[in-house]
Structure formats: structure tokens, C-alpha cells
Amino acid sequence: MANTLKFYSKIPQSVRNISTSGPKSDAWLSKIFVRKIEPTKESHSRMLSDKEVIYALQTHNYRADSKKPYLNNVNNIVQWVASQDKLKDSAKLVGSWVVNVGDQDQALHLWKFTGGFNQIDIFNELTDVNEDYEKLRVEQGKLVRARHLQYLLAFSYWPQILLRETKNIYEIRSYALKPGTMIEWGNNWARAINFRQNNDEAFAGFFSQIGRLYNVHHIWCYEDLNKRKETRESAWRSPGWDECVAYTVPLIREMHCRVMVPTEFSPTK
């Protein structure tokens, strides 16, 4: 709740004071239009996130016949990063997953860089000149069909990332928003997240800084698919959840859902 209040304090008054004027019978009309946001002198990143932590999300499409050697390659890269004194306290793998439902032959790896973009610069400088890392990068290039990297910030109102120790499945719901709507998305989800914490399923929430812009990623954690079904149905029974959904749907250009399972070397299970 403290993070939620902290987030609200950074939102312009015009955004926080949302109302549907006019007759009650016309109230539903307000839910199908994107509400206007007043100009602000603060960047979206400052208003939505207050952490000096950058997350890197790697999305790899590996060759269908190369899953095992590909995962072995990624594991070797993880071990190499852990062995570097310059990166020991700043670059850490948070989660590593293989897509089970959605894009087949795809893996996602989430890295955490403590110290902001300065630490990413150090990482890039080190990997650009290290021969062992270059060999691993060349090897990976022969095992994948496509790669994409995004630098992300965590939403300030989202619960702190906690690594899971028992076996779970993860769902990443990715949204491409209309440019200029990120603040409104955050304002609505600062309230909506309260409906999705009963079963501790909220794992992480991010918005993009570099890569595909106006992208949002929500990562949820469940025991299994049936638990996912029960949890989502429970949210719809909560008064107020439907309103949050109605306000955010018009902000979306495209949405994408993938169910993932952790790799053997993933820190979160």
C-alpha cells in the first residue's frame, strides 16, 4: 500500500481525480474512450518508477532441433557472468523460462542490473573485449533464429520481486500501448494490482525504456493452469476489478500472452 500511495503522489491531480460526469446511464460511455492526460514536465520513468535498477529482458527464438545445446549455452553465460568480479554485485539473473503455451521454441531471460544504465555500460564494455564471452555469443548465434533485447523499469506500485522456491508456471502478459497512455495505464493498475495479490501471484511488472517502446510486461506466477483459472475468476468477482479492466482496454494496441516454465538454472522456480 505504501508503494501505491507513493505512486499516486507523483501522478498529476487531473489524472487522479477521475470522474464520470453526467447521468448515470451514460457512465459506461466513459469507459470506452481514452481519457485525456495533461502535459507533464516529468518523464514517464520518473513518475512510474523510483528505482535505480534496470531490468533486461532477452527473448530468444531457438532452433527447434537445438533446445538442449541452446539452454546449455545460456547456462554457461550465466555462470560466466557470476564469475566476473566487476559484475558480481550488479548483474544477476532473476528468471529464465521456456515458453510452453504461445510462441513455441522460445525462451525468455530476465536480468537485473543494480546501479542503473552505468552498470549496463560496464557489462557491455566487459563483454565486448572478453574472448570467452565472445565464443559463447558466437555459439549462441548458431542455435537461435532471432533475438530481441529490451531494457525495462519496474512499476513502483508493483510488489517487490520475490524468487519462488517451489515448482510453478509463469504467465507473461505483454501489452503494446498507444503512445502517450503509459501514465494512465499506471494510474489504473496502481489500483488494479490490489485485486491480484490474494494468492501471491503477482511476480513482476515492467515498462520498456529501450527496445520496443510503450511496451508493458506483467508476469504472474501460479502453481498450475487450474490455479491460474481459479485465481483469475476470483479477481472478476471482486468489486472494482471490472472497472479497472474497462479503463485500460482502450489503451491497448496489441496484447500477447505466453505461459512459461522455469529452466533448470532459473533462480526463481
- Message: Students often mix this up, so state it plainly: with edges at 30° and 60°, are the rings of Trp185 and His218 parallel, tilted or perpendicular?
- Response: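 Because their plane-to-plane angle lies in the 30° to 60° range, the rings of Trp185 and His218 count as tilted.
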- Where does the angle between the aromatic ring planes of Tyr70 and His60 fall among parallel (under 30°), tilted (30 to 60°) and perpendicular (over 60°)?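 It falls in the perpendicular class, over 60°.
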Donor-acceptor pair, distance only, cut-off 3.5 Å: does the side chain of [X] make one with the backbone of [Y]?
X	Y	value
Asn215	Leu177	no
Asn76	Asn72	yes
Arg63	Lys142	yes

pair [X]-[Y]: side-chain heavy atoms closer than 4.5 Å:
X	Y	answer
Met182	Val216	yes
Tyr170	Ile219	yes
Met260	Asn100	no
Leu225	Lys227	no

- Kindly determine whether Leu87 and Trp80 satisfy side-chain contact (heavy atoms from CB on, under 4.5 Å), including the steps that lead there. CA-CA 10 Å; Leu87 305 176; Trp80 180 87; 4.2 Å; yes
- Item | Worked check of side-chain hydrogen bond (donor to acceptor under 3.5 Å, both in side chains) between Arg137 and Thr127 | CA-CA 9 Å; Arg137 181 157 46 191; Thr127 55; 4.7 Å; no
- Go through Asp89 and Thr114 one step at a time and tell me if the side-chain contact (heavy atoms from CB on, under 4.5 Å) criterion holds. CA-CA 8 Å; Asp89 297 323; Thr114 303; over 6 Å; no
Are a donor atom and an acceptor atom from the side chains of [X] and [Y] found within less than 3.5 Å of each other?
X	Y	result
Ser266	Ser96	no
His256	Asp103	yes
Asn188	Arg191	yes
Asn130	Glu134	no

- Salt bridge or not for Arg173 and Glu171, using N-O below 4.0 Å?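 Between Glu171 and Arg173 there is a salt bridge, with a charged N closer than 4.0 Å to a carboxylate O.
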- Message: Check this for me: does any side-chain nitrogen of one of Glu233 and Lys229 sit under 4.0 Å from a carboxylate oxygen of the other?
- Response: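 Salt bridge between Glu233 and Lys229, a charged N being under 4.0 Å from a carboxylate O: yes.
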- Message: Taking CG in Asp128 as the centre, count heavy atoms belonging to other residues, nucleotides or ligands within less than 6.0 Å. Is the count above 12?
- Response: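 Enclosed: over 12 neighbouring heavy atoms sit under 6.0 Å from CG of Asp128.
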- For Thr268 and Phe203, what are the C-alpha separation, side-chain angles and deciding distance, and is it a side-chain contact (heavy atoms from CB on, under 4.5 Å)? CA-CA 10 Å; Thr268 190; Phe203 181 74; 3.6 Å; yes
- Between Arg164 and Leu162, what is the shortest heavy-atom contact and its length?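 Between these two residues, the closest heavy atoms are NH1-O, 2.6 Å.
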- Query: Aromatic ring centroids of Tyr55 and Tyr151 under 6.0 Å?
  - Reply: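 No - the distance between ring centres of Tyr55 and Tyr151 does not fall below the 6.0 Å cut-off.
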- Task: Give, for atom OG1 of Thr263 and atom NZ of Lys269, the distance between the pair rounded to the nearest 0.5 Å.
- Result: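 Answer rounded to 0.5 Å: 6.5 Å.
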- Which value, rounded to the nearest 0.5 Å, describes the distance between Leu110 atom CG and Ile172 atom CD1?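 Separation between the atoms: 8.0 Å.
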- With side-chain contact (heavy atoms from CB on, under 4.5 Å) as the test, would you mind laying out the steps for Leu153 and Ile54 before giving the verdict? CA-CA 6 Å; Leu153 288 176; Ile54 307 296; 3.4 Å; yes
- With Ser174 as reference, evaluate Gln150, Arg258, Arg212 under the side-chain hydrogen bond (donor to acceptor under 3.5 Å, both in side chains) test and give the passing residue.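 Result for side-chain hydrogen bond (donor to acceptor under 3.5 Å, both in side chains) with Ser174: Arg258.
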- Walk me through it: do Phe206 and Phe155 pass the test ring pair (Phe, Tyr, Trp, His ring centres under 6.0 Å)? CA-CA 6 Å; Phe206 305 108; Phe155 283 114; 8.3 Å; no
